[in-house]
Amino acid sequence: MSAVLDSPLLATYPATDVTLVRGEGAWVWDADGNAYLDFVAGIAVVGLGHGHPAPLAAAHAQLDALWHCSNLYGSEPAAGLATRLAARFPGSKAFLCNSGAEAVEAALKLARKATGKAGIVALEGGFHGRTAGALSVTGQPAKRTPFEPLLSGVTFVPANDVDALLAAVTDEIGLVLLETVQGEGGVHPLTPEFLAAARSSSLATDALLCLDEIQCGLGRSGTFFAFEQGSIEPDLVTLAKGLANGLPIGALLSRVDAFAPGDHGSTFGGNPVACAAACAVLDSIDDELLASVRASSAALVAGLAGLSGVLEVRGAGLLLGVELDRQAAPVVAAAREAGLLVLSAGENVLRLTPPLTIGEPEIAAALAALAEALA
Ligand SMILES: *Cc1c(COP(=O)(O)O)cnc(C)c1O
């Protein structure tokens with residue numbers, strides 16, 4: 001344990017004394033043999049649960065066949081993944097990369113190339129990643145300030161403020177970038193009215209509309225894309241977290257074909273092993289799984305609303321924010337003591353992002369652990 005604690009990693013994350021060594025379904029085990037119910041799932045990543053047989057078998061087979069070939073040559077897993085993504089978002093083509101921030105970077109560059117306009121509208125409290133470009137569109141001053149100056153031309157508006165949005169989307173704007181459900185920023189779903197205003201104003205000004213579904217997409221909201229629960233469709237979608245059930249991957253889906261050879265690239269993007277796993281993930285997100293996400297969500301929301309100290313439960317599907325009457329950090333620590341891993345999202349909000357495959361026993365166990373943590 002101490003070798004892990006003292007390891008020479010730069011301190012970009014808070015120190016932790018939990019070292020995880022094994023996972024199965026919704027459960028993980030630490031180096032001391034303690035079991036935890038995992039309602040973090042690698043931050044909304046391990047959507048099918050740890051060690052799910054479908055992506056595991058696909059990745060194993062691809063490891064045996066070919067690990068890497070670059071984008072200078074064709075790869076069946078990358079082509080298969082792009083085809084599956086286009087089936088979910090008809091008329092789109094994919095740029096494959098390795099993370100969420102890279103998918104956002106691709107969206108920033110594609111919008112600039114397609115529209116010739118540098119202006120961007122994004123949301124206060126939004127989160128799009130940590131690279132310089134993605135940070136430039138992240139509406140959280142604490143994360144941005146130490147690294148300014150960032151990209152210029154970005155206007156932040158409050159989520160769900162239609163008037164502020166309409167005032168900000170001028171003819172200089174090339175990209176409107178929104179999380180359909182804000183994740184890191186406290187789990188705030190956008191209203192249908194706000195999304196409709198984003199669609200109409202971007203159309204009127206020849207800006208592209210990108211929905212960042214890196215956290216809320218891929219079935220987590222109870223539909224494949226969270227935006228399917230409203231009435232609009234974007235031009236661009238970014239995906240990452242759950243796409244390969246834990247192998248590093250990201251994707252930009254675009255209905256606008258603005259890139260030519262040489263405009264953008266990534267050595268590891270479209271890695272065959274990650275893409276093979278992602279194909280298996282997409283094949284596993286079927287109507288049955290989505291119905292089960294909605295049922296689990298309803299059961300979890302009902303149970304959470306009855307816990308002491310809970311002021312509000314919000315979100316979509318199995319991306320839930322639990323607003324507390326107290327600080328979240330001590331509750332996260334107490335839940336861990338009670339055998340449950342959960343996240344926070346801001347000072348007073350617990351964030352639950354369990355595997356999409358959880359059922360009644362996991363929900364009951366999580367509610368019992370949270371009741372103990374809040375007692
Ligand atoms: C996590 C996240 C990102 C960044 O993804 P990384 O893989 O950490 O770069 C971007 N947007 C949203 C909505 C996210 O939740």
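Each ligand, and each atom within it, is numbered from 1 in the order the structure gives. Everything quoted here is computed from the prediction, not taken from an experiment.
Taking each heavy atom of T357 and L48 in turn, the nearest pair found is OG1-O, 3.4 Å. Nearest heavy atoms, L66 versus V273: O-CG2, 4.3 Å.
With respect to V104, the side chain to side chain contact (heavy atoms under 4.5 Å, CB included) criterion is satisfied by exactly one of T138, T131, L252, D212: D212.
Considering only heavy atoms from C-beta on, L218 stays 4.5 Å or farther from K241 through its side chain.
Closer than 4.0 angstrom to ligand 1 by heavy atom are S99, G100, A101, F127, H128, G129, E179, D212, I214, Q215, K241, sorted by chain and number.
Listed by first and then second residue, the ring pair (Phe, Tyr, Trp, His ring centres under 6.0 Å) pairs that reach into residues 267-290 are H68-F268, sequence neighbours excluded.
Within the cation-pi definition used here (under 6.0 Å to the ring centroid, within 45° of the axis), R336 does not qualify as a partner of Y36.
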